[in-house]
Amino acid sequence: MIKSRKLIIRILRALWIIVLIHNEFFIFWKYANNLSTQLDKDDKNILLIADPQMTDDLSYDRPWLILKLSEFYSELYMKRNYRHLVNSINPYQIFIMGDLMDNGREWDDVFFEKEVKRFNKIFYSQNINYMVGNHDIGFGDGIKPHIQRRFHKYFGQASYVVHQEGYTFFVLDTVSLSSHNPQIGNSALSMLKNYNHTNTILFTHVPLYREPNLSCGPLRQQSHSQSIKDAYGYQYQNMLSKELSEHILNTVKPILIFSADDHDYCEITHNNLIKEITVPTFSMAQGVKYPGLMVLSINDKSLYTRLYWLPSQIDLFIQYAYLLVFTLAILLFFEYFQSKAIRYRNDHELPKTKPIEKNHQHKYLILHV
């Protein structure tokens, strides 16, 4: 009985070890390695990462312990994926397309600096180009000059140009460009007015305007919302205004557009000619089951893009729950049948007779006549 119990425990322990190794290491390595094998190492492979939105103390109205677990696992998820992707692909450059933090616009300078250090522990590299998002500094007229300058201090200017293999990457700070305050929007507006490059790939955090209910295509995950809605609220706007979008398209004349902010994949065409791709979120905590990223590959002849989905952390948690239920069920069944076998054996065994004890007190036999 004892040997059987030990055997069951050893089997369950081995099963847990195998599942933990697979879910905590191997699956992230496998996904990154699969992507790496699909890419040409001779190309300039550029990672496009959107909306990491690092979870913080203001992200959710949850009990303290649940909030800290959310912070821990969302950070760990991004760190694992990023490390394996960088090691497997060895990207030529990386663009992190805004909303670096979930509530960067709300924090004081001391805590913001602390969060920057935390962010840099996740996304380590010398080849990162940062973009600004509305969760970092706010949107439009809600942006405060000090918050905008603070972002520039740690992550550099929010509007800039990068030249790559005959293409011009134009990163445009459209959240500031949407402000009516010259102190906020003039830097981005000046770059836009003086822009005169060709063969341009435009990067904007907020997607450009499109007609209502324009489908994002079959690769979008949110079945309840197949389009990006023209909505707005506190410090956000789902798409740029129609007027600003048209002005950007007419001035820049891009051949391709990358945007972020929506958290899900979206692919549309402007003027039946210019493709805009909205890159999905890199975070497990932003409302989509499968986070993702894009790879932009450039060679001497052309450029091409590849959408890449990451593993579902929710599925991994569900696997642990199933395994826990299975483990408890096996242990309970084993104990039940063991106890039943013991009762059966006790009920069917012959009763044991007690040995006759000799009475040593009487040594003589007395006969009465």
Side-chain angles (χ1 to χ4, degrees), residues 19 22-41 43 45-55 70 73-100 102 122-123 125 128 131 133 203 205 207 215-228 256-268 275-297 303-320:
V19 172
H22 177 270
N23 288 0
E24 301 300 319
F25 173 79
F26 180 74
I27 191 170
F28 298 100
W29 172 85
K30 180 179 68 173
Y31 270 65
N33 188 65
N34 287 344
L35 175 60
S36 177
T37 58
Q38 299 171 31
L39 300 174
D40 190 336
K41 298 298 184 182
D43 292 345
N45 295 309
I46 301 169
L47 297 187
L48 307 183
I49 294 174
D51 304 286
Q53 249 174 271
M54 197 171 60
T55 307
S70 300
Y73 276 106
S74 60
E75 179 179 334
L76 183 62
Y77 178 87
M78 291 191 291
K79 187 181 295 184
R80 286 169 170 168
N81 278 299
Y82 182 80
R83 181 179 72 247
H84 288 296
L85 286 165
V86 169
N87 291 341
S88 297
I89 298 173
N90 189 24
Y92 181 67
Q93 282 202 350
I94 300 167
F95 283 81
I96 300 184
M97 301 176 61
D99 283 357
L100 280 56
D102 198 19
I122 302 173
F123 299 101
S125 179
I128 296 182
M131 294 172 56
F203 288 78
H205 176 71
S215 175
C216 286
L219 298 179
R220 188 170 176 83
Q221 294 184 62
Q222 301 180 47
S223 58
H224 65 279
S225 177
Q226 285 298 309
S227 61
I228 298 178
L256 179 63
I257 302 169
F258 289 107
S259 58
D261 188 62
D262 182 63
H263 297 174
D264 202 351
Y265 182 80
C266 186
E267 183 177 321
I268 65 160
K275 181 186 292 186
E276 178 180 340
I277 297 174
T278 301
V279 181
T281 178
F282 195 71
S283 171
M284 59 167 274
Q286 298 304 321
V288 292
K289 183 177 181 180
Y290 297 99
L293 73 154
M294 298 289 298
V295 179
L296 172 62
S297 300
L303 62 82
Y304 59 94
T305 61
R306 187 182 300 274
L307 170 64
Y308 180 70
W309 297 115
L310 300 172
S312 168
Q313 184 66 52
I314 301 300
D315 285 349
L316 300 183
F317 287 150
I318 291 173
Q319 287 181 26
Y320 288 139

S88: partners by side chain to side chain donor-acceptor pair (under 3.5 Å), with sequence neighbours left out: none

Under the side chain to side chain donor-acceptor pair (under 3.5 Å) rule, collect the residues that match up with N81, sequence neighbours excluded.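 Residues passing side chain to side chain donor-acceptor pair (under 3.5 Å) with N81: none at all.
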
Go through it in stages, so that I can follow the logic: the residues are L293 and L85, the test is side-chain contact (heavy atoms from CB on, under 4.5 Å), and I'd like the CA-CA distance, side-chain angles, deciding distance and then a yes or no. CA-CA 10 Å; L293 73 154; L85 286 165; 4.1 Å; yes

Does anything in residues 74-83 form a salt bridge (charged side-chain N to carboxylate O under 4.0 Å, His left out)? List the pairs, not counting sequence neighbours. E24-R80, E75-K79, E75-R118

Salt bridge (charged side-chain N to carboxylate O under 4.0 Å, His left out) pairs touching residues 275-287, sequence neighbours excluded, are R210-E276, E267-K275

Exam field: side chain [X] to backbone [Y], donor-acceptor pair closer than 3.5 Å:
| X | Y | answer |
| --- | --- | --- |
| D51 | D261 | yes |
| H22 | I27 | no |
| H263 | Q286 | yes |
| R306 | L39 | no |

So Y77 and L310, side-chain contact (heavy atoms from CB on, under 4.5 Å) or not? Walk me through it. CA-CA 10 Å; Y77 178 87; L310 300 172; 3.2 Å; yes

For [X], what residues pass the side chain to side chain contact (heavy atoms under 4.5 Å, CB included) criterion, not counting sequence neighbours?
| X | answer |
| --- | --- |
| D315 | K289, Y290, S312, I318 |
| A285 | T55, Y60, S74, S283 |
| L307 | L219, Y265, P280, M294, W309 |
| V288 | Q221, Q222, D264, T281 |

Dump the intermediate steps for side-chain contact (heavy atoms from CB on, under 4.5 Å) on I277 and L48, then the final yes or no. CA-CA 11 Å; I277 297 174; L48 307 183; over 6 Å; no

What pairs with [X] under ring-ring contact (aromatic ring centres under 6.0 Å, His included), at least two apart in sequence or on another chain?
| X | answer |
| --- | --- |
| F203 | F95, F169, F258 |
| Y92 | none |
| F317 | Y73 |
| Y304 | none |

Testing the basics here: between V295 and L47, what is the closest heavy-atom pair and its distance to 0.1 Å? CG2-CD2, 3.8 Å

Quick check: closest heavy atoms across A260 and T278, and the distance to 0.1 Å?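 For A260 and T278, the tightest heavy-atom pair comes out as O-CG2, 3.5 Å.
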
Hey, could you give me the [atom1]/[atom2] distance between [X] and [Y], rounded to the nearest 0.5 Å?
| X | Y | atom1 | atom2 | result |
| --- | --- | --- | --- | --- |
| N45 | S36 | CG | OG | 8.5 Å |
| M78 | Q313 | CE | CD | 12.0 Å |
| I46 | T305 | CD1 | OG1 | 12.0 Å |

Applying ring-ring contact (aromatic ring centres under 6.0 Å, His included), run through F25 and H84 and close with a yes or a no. CA-CA 10 Å; F25 173 79; H84 288 296; 5.3 Å; yes

Side-chain contact, heavy-atom cut-off 4.5 Å: [X] with [Y]?
| X | Y | result |
| --- | --- | --- |
| I94 | V86 | yes |
| L303 | L256 | yes |
| D262 | R220 | yes |

Hey, can you tell me if Y82 and F282 have their rings parallel, tilted or perpendicular (30° and 60° cut-offs)? perpendicular

